[in-house]
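Heads up: the structure comes next, in structure tokens.
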Amino acid sequence: ALRRANGAPPATLVASLSSLAAVHDEQGRPGDAEALLREALVIARTGSDLRSAEAGVLSDLAAVHRSRGKFDQSEADARSALAIRRALGDETGLVDTLNGLGMTLQDAGRPVEALAALDESRTLALRVYGALHTKTNLAECNLALARRRAGQIAAALVGFRSCVDTRRRVLGDDHPSVAISLNELALVHSERNEYADAERLYVEALRIHRKAYGERHRWVAAALNNLAILAFQRGQYMEAANRFRELTGIWRELLGPEHPDALNTLNNLGMSLRSAGQVAEARQVLESVLDGRTKALGPDHPDVAASMVNLATVLRRQGEFARMRTLVLQAIPIYERAFPDGNPLIATAFQVLGQAHFGEGAYRDARRPDEVRFGVSLERDLRRRDFTINAIAWDPLAERVEDPVGGRDDLHRRLLRAVGLRTFGDDSLRVLRAVQFAARLGFALEEETASLCRRIPLDDLPAERIW
């Protein structure tokens, strides 16, 4: 306000607007942050000498869009900023912009592109700042995070260990940034079912955060959240629920009831209660999460879709199949808009939808349901299959073959072809099915399908699905 009143230079006003936007975003008000950044962008575009400031605002806008699940807009703003940075030869700015772009691509479910952007960011940071600079370390840590999400668990483990070692060397053993890297390293161990190692690292991270901030701080709450998630992963559902219940109160006190972190913890409480068999309370909690996320994030955010699917799984246990179907059918388009290149969340939603469509009525004879309710059209069902040769159906009443994707032609040509390149990767087991069918039946693997199979990581497959 003072700078506006005193006619401050445009660059100074842009900096003030960006700083205020960052505070709004931190407090869980991304809409207010976006409005401020758009005002800053208008000012930054008033002069050729403000091009660097324009790139900075675009990068900040990309981050806000990413937090709201608007990945297309986030990518567009990040790439615009990237073009300005490259034109200016601004290597320090490029490090940050590439890092932001990589995180957006990662959240959008495009791991190969994310890894490329983050690797370029790290390479630039090494050249510009050196190996021990905090910017280089951040780039290294984000690259490790992308590798974990891409299923490259061994490489992620090496990367996070390097992050921890570097931060300890530069910042000291008890610096909060060390605790952040310990949390990421612990998460990799928990995904490898190495729970004892994960717990040891989480406890160490909690100790560091408590020493730095005291008891009532968001990073302390985040560390407690990680221990609660670990209890859930170990099947200790009521212990996890009790931890999440306590955490919900802390988050609400620190950030307010509608902050995304408070809602995420409340969601975890609901899912823990569901797994513990406390269905009625789980429903009440998940209903409030859906309402809160819709208000805080907007109806098209993928976290809102996740809330719909989570609530649907509870409704199934209560036999409310009609509302269950309605929620999942609302969630799937949200996911498909957010993840146009496919995402395992879409496959999960369809699995839950299948449970709704085959919702079971009353068991009057204690053996079979009185009725089974169907919902998805046959063509839509066939278009969700893995290979075209498996997407053929026979209608015995009309006495005709339903073949919407040309499966019979591929069968005659002895060709394995994915039904949809966008959705094929929703279930990574399909890669092994492709190899099995090709070897057992002597079929050729269509070129684009084979290329896609090479890009799909298999680390997420549990042992019982491989036989």
Side-chain angles (χ1 to χ4, degrees), residues 1-85 88 90 92-101 103-104 107 134-135 138 142 176-177 180 212-213 216-219 221-222 250-264 292-298 300-301 303:
L2 286 170
R3 284 175 170 172
R4 275 179 172 149
N6 294 329
T12 304
L13 194 54
V14 167
S16 289
L17 287 164
S18 298
S19 297
L20 183 56
V23 174
H24 279 290
D25 193 38
E26 182 75 11
Q27 292 181 334
R29 299 197 297 272
D32 294 336
E34 181 178 348
L36 289 164
L37 288 169
R38 292 209 174 279
E39 183 182 350
L41 187 61
V42 171
I43 298 171
R45 285 175 169 167
T46 59
S48 58
D49 59 328
L50 298 173
R51 292 285 282 166
S52 181
E54 179 186 355
V57 175
L58 285 167
S59 294
D60 291 343
L61 267 173
V64 171
H65 287 317
R66 183 171 73 247
S67 72
R68 303 182 81 179
K70 298 178 179 180
F71 301 127
D72 288 344
Q73 289 176 261
S74 179
E75 181 183 359
D77 286 338
R79 291 197 184 280
S80 295
L82 199 62
I84 295 172
R85 302 281 198 203
L88 295 174
D90 179 9
T92 58
L94 276 173
V95 170
D96 296 332
T97 304
L98 282 165
N99 183 72
L101 175 61
M103 299 302 285
T104 292
D107 289 347
T134 53
K135 293 274 182 119
L138 177 63
N142 285 339
S177 292
I180 293 172
Y213 304 118
R216 311 300 277 186
H217 191 276
R218 61 180 303 170
W219 281 113
I250 296 174
W251 280 127
R252 285 176 168 173
E253 177 187 328
L254 292 173
L255 303 171
E258 293 187 354
H259 192 279
D261 288 340
L263 291 169
N264 289 343
R293 281 178 168 173
T294 303
K295 290 177 181 176
L297 303 173
D300 290 329
H301 195 283
D303 282 355

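Treat the numbers as computed from the prediction; the structure is a model and nothing was measured.
- Between the Ser74 side chain and the Lys70 main chain, no donor and acceptor come within less than 3.5 Å of each other.
- Residue pairs meeting the salt bridge (Lys or Arg N to Asp or Glu O under 4.0 Å) criterion with at least one member in residues 4-22, sequence neighbours excluded: Arg4-Glu39.
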Next item on the list: Please lay out, stage by stage, how Asn142 and Met103 fare under the test side chain to side chain contact (heavy atoms under 4.5 Å, CB included).
Entry: CA-CA 8 Å; Asn142 285 339; Met103 299 302 285; 3.8 Å; yes

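- Minimum interatomic distance between Val14 and Ala40 (heavy atoms only, all atoms of both residues): CG2-O, 3.7 Å.
- Interatomic distance, Leu101 CG to Leu94 CG, rounded to the nearest 0.5 Å: 11.0 Å.
- When atom types are taken as modelled, the side chain of Asn6 and the backbone of Leu2 share a donor-acceptor pair closer than 3.5 angstrom.
- Defined by atom type and a distance below 3.5 Å, a donor-acceptor pair is present between the side-chain atoms of Ser16 and Arg3.
- In this structure, the separation between CZ on Arg252 and NE2 on His259 is 14.0 Å, given to the nearest 0.5 Å.
- Using a cut-off of 4.0 Å between Lys/Arg side-chain N and Asp/Glu carboxylate O, Lys135 and Asp96 are scored as salt-bridged.
- For Asp72, there are no side chain to side chain donor-acceptor pair (under 3.5 Å) partners, not counting sequence neighbours.
- Between atom CZ of residue Phe71 and atom CZ of residue Arg66 there is a gap of 9.0 Å, rounded to the nearest 0.5 Å.
- Without hydrogens or angle criteria, His301 side chain to Gly69 main chain gives a donor-acceptor distance under 3.5 Å.
- Considering only residues two or more places apart in sequence or on other chains, Glu75 meets the side chain to side chain donor-acceptor pair (under 3.5 Å) condition with Arg79, Arg110.
- Looking at heavy atoms from C-beta onward, Ile43 lies in side-chain contact with Leu17 at the 4.5 angstrom threshold.
- Here the closest non-hydrogen pair linking Ala296 and Leu263 is CB-CD1, 4.2 Å.
- Here the CG atom belonging to Leu36 is positioned 5.0 Å from the CG atom belonging to Leu20, to the nearest 0.5 angstrom.
- Under the rule for a side chain to side chain donor-acceptor pair (under 3.5 Å), the partners of Asp90 that lie at least two apart in sequence or sit in another chain are Arg85, Thr92.
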Side-chain donor-acceptor pairs of residues 49-58 under 3.5 Å, sequence neighbours excluded:
from: Arg51; atom 1: NH1; to: Glu54; atom 2: OE1; distance (Å): 3.1
from: Glu54; atom 1: OE2; to: Arg45; atom 2: NE; distance (Å): 2.9

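- You'll find the side chain of Glu34 reaches within 4.5 Å of the side chain of Leu61, heavy atoms only.
- Atoms OG1 and CD, on Thr294 and Glu258 in that order, are 10.5 Å from each other to the nearest 0.5 Å.
- Trp219 has its side chain out of reach of Pro176: every pair of non-hydrogen atoms, C-beta onward, lies at least 4.5 Å apart.
- When the side chain to side chain donor-acceptor pair (under 3.5 Å) test is applied to Ser59, the partners found at least two apart in sequence or on another chain are Thr97.
- The side-chain heavy atoms of Asn264 and Arg293, taken from C-beta on, include a pair separated by under 4.5 Å.
- Atom OG of Ser67 is separated from atom CG of Asp303 by 10.0 Å, given to the nearest 0.5 angstrom.
- Nearest approach of Ala21 to Ala33, heavy atoms of both residues: O-CB, 3.3 Å.
- The residues Arg216 and Glu253 are annotated as salt-bridged, a charged nitrogen and a carboxylate oxygen being separated by less than 4.0 angstrom.
- Annotation for Ala62 and Thr104: closest pair O-OG1, 4.4 Å, computed over non-hydrogen atoms.
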Note to self: Before you tell me yes or no, could you show the steps for Trp251 and Arg218 under side chain to side chain contact (heavy atoms under 4.5 Å, CB included), namely the whole-Å CA-CA distance, both residues' side-chain angles and the distance that decides it to 0.1 Å?
What the structure shows: CA-CA 7 Å; Trp251 280 127; Arg218 61 180 303 170; 3.4 Å; yes

